[in-house]
Amino acid sequence: MVKYFLGQSVLRSSWDQVFAAFWQRYPNPYSKHVLTEDIVHREVTPDQKLLSRRLLTKTNRMPRWAERLFPANVAHSVYILEDSIVDPQNQTMTTFTWNINHARLMVVEERCVYCVNSDNSGWTEIRREAWVSSSLFGVSRAVQEFGLARFKSNVTKTMKGFEYILAKLQAKEAKEKAKETALAATEKAKDLASKAASKQQQQRQHFV
């Protein structure tokens, strides 16, 4: 038996902004459980889709009752593969993630689709599915319940982390625009001052 999760979230940022933030999510204050991230493969397909594979390392503390079932030297980190397909033309991004160790204890598979929100084109919708399974005889149901609860908790952290990075990127963008506006205003002021000085000099020459 497999535990299934289906959820939908909305980020009040454009698809382009969310796409940019996706690759800059770590580190953030809500992702302390994410230790490392590495891109192991990337390619652009003939139809201009971006395919990527990343390897992430996360902390994975087991529940106390599960720790008794495994040796003390079992790694407390979990290695996760993440495949993503980005379609910029249709503004969709689909990700698939699954753990490649501790599979005997539990496997968590996730599929996310990021697309433009149907009600507001300036927002991004995330449709998230997950499957939690365990092959541990006798305790698989308890492991799946624990895994599903942890997954839901991590989704909350993920969304908060996303919002944090988006706010940071938007603040940076606003700062750069303000800087550009100030620079343009300075140049315009210099140009006006130069024209005024030139006109004044011409008037003086005229009177002379």
Side-chain angles (χ1 to χ4, degrees), residues 2-58 80-99 108-132 147-184:
V2 176
K3 289 289 181 181
Y4 176 71
F5 173 87
L6 174 63
Q8 193 164 307
S9 308
V10 173
L11 288 168
R12 297 186 177 188
S13 299
S14 69
W15 185 87
D16 289 337
Q17 291 172 325
V18 171
F19 168 66
F22 179 82
W23 306 107
Q24 302 177 58
R25 283 185 299 168
Y26 309 121
N28 70 69
Y30 305 97
S31 67
K32 293 179 181 178
H33 61 295
V34 180
L35 304 178
T36 63
E37 59 169 333
D38 297 284
I39 296 174
V40 295
H41 177 74
R42 178 162 282 173
E43 68 172 292
V44 177
T45 63
D47 57 351
Q48 298 304 302
K49 291 179 182 177
L50 176 66
L51 308 183
S52 303
R53 169 166 284 189
R54 295 198 297 177
L55 174 66
L56 299 98
T57 308
K58 300 183 180 183
I80 296 172
L81 279 180
E82 173 196 85
D83 285 350
S84 60
I85 305 170
V86 179
D87 183 349
Q89 185 174 356
N90 295 309
Q91 292 190 306
T92 63
M93 177 169 64
T94 305
T95 64
F96 306 90
T97 60
W98 68 98
N99 58 295
V108 180
E109 299 168 285
E110 180 191 48
R111 179 178 184 268
C112 291
V113 179
Y114 300 74
C115 59
V116 177
N117 181 260
S118 56
D119 297 325
N120 189 325
S121 60
W123 293 357
T124 304
E125 184 175 304
I126 306 173
R127 187 176 188 273
R128 190 185 310 271
E129 293 180 278
W131 298 263
V132 182
L148 184 60
R150 172 173 283 179
F151 177 82
K152 290 178 180 179
S153 174
N154 286 342
V155 167
T156 301
K157 292 177 184 177
T158 296
M159 295 305 295
K160 286 182 177 179
F162 240 132
E163 289 166 355
Y164 173 86
I165 295 298
L166 282 165
K168 197 173 179 181
L169 291 176
Q170 287 164 4
K172 183 180 178 182
E173 185 179 346
K175 187 177 179 180
E176 288 175 352
K177 283 185 178 179
K179 189 176 179 180
E180 288 174 5
T181 302
L183 185 62

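This is a predicted model, so every value here is computed, not measured.
Between the side chain of R25 and the backbone N or O of F22, at least one donor-acceptor pair lies under 3.5 Å.
In terms of heavy-atom proximity, E125 sits nearest to S118 at OE1-N, 4.2 Å. Of all non-hydrogen atoms in S13 and T124, the two that sit nearest each other are O-OG1, 2.8 Å. Between N120 and N117, the closest heavy-atom pair is N-OD1, 2.9 Å. The nearest pair of heavy atoms linking A21 to L166 is CB-CD2, 3.7 Å. Contact between W123 and R12 at its shortest, heavy atoms only, is CD1-CA, 3.5 Å. Smallest separation of non-hydrogen atoms from Y114 and C112: CE1-CB, 3.8 Å.
The closest side-chain heavy-atom distance from S9 to L11 is not below 4.5 Å. Between F162 and V18 the shortest side-chain heavy-atom distance falls below 4.5 Å.
Between the CH2 atom of W98 and the CD1 atom of I80 there is a distance of 11.0 Å, given to the nearest 0.5 Å. With rounding to the nearest 0.5 Å, the separation of NZ in K3 from CZ in F151 is 14.5 Å. Note that the CE atom of M93 and the CD1 atom of I85 stand 11.5 Å from one another [nearest 0.5 Å]. Between W131 atom CH2 and L148 atom CG the span is 13.0 Å, to the nearest 0.5 Å. Rounded to the nearest 0.5 Å, atoms OG1 (T94) and CG (D87) are 8.5 Å apart. A distance of 7.5 Å separates CG of N28 from OH of Y26, quoted to the nearest 0.5 Å.
With sequence neighbours excluded, the residues forming a side chain to side chain contact (heavy atoms under 4.5 Å, CB included) with R42 are W23, I39, L50, S52, listed by chain and number. With sequence neighbours excluded, the residues forming a side chain to side chain contact (heavy atoms under 4.5 Å, CB included) with Q91 are W15, D16, V116, listed by chain and number. Contacts of Y30 classified as ring-ring contact (aromatic ring centres under 6.0 Å, His included), with partners at least two apart in sequence or in another chain: none. Annotation: side chain to side chain donor-acceptor pair (under 3.5 Å) contacts of R127 (sequence neighbours excluded): E129.
Sorted by first and then second residue, the salt bridge (Lys or Arg N to Asp or Glu O under 4.0 Å) pairs involving residues 43-54 (not counting sequence neighbours) are E37-R54, D47-K49, R53-D83, R54-E82.
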message = Before you tell me yes or no, could you show the steps for E173 and Q17 under side chain to side chain contact (heavy atoms under 4.5 Å, CB included), namely the whole-Å CA-CA distance, both residues' side-chain angles and the distance that decides it to 0.1 Å?
response = CA-CA 11 Å; E173 185 179 346; Q17 291 172 325; 4.1 Å; yes

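Other residues, nucleotides and ligands contribute at most 12 non-hydrogen atoms within 6.0 Å of the CD atom of Q89.
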Contacts table for residues 152-160: side-chain donor-acceptor under 3.5 angstrom, sequence neighbours left out:
unit_1, atom_1, unit_2, atom_2, d
T156, OG1, K152, O, 3.3
T158, OG1, N154, O, 2.8

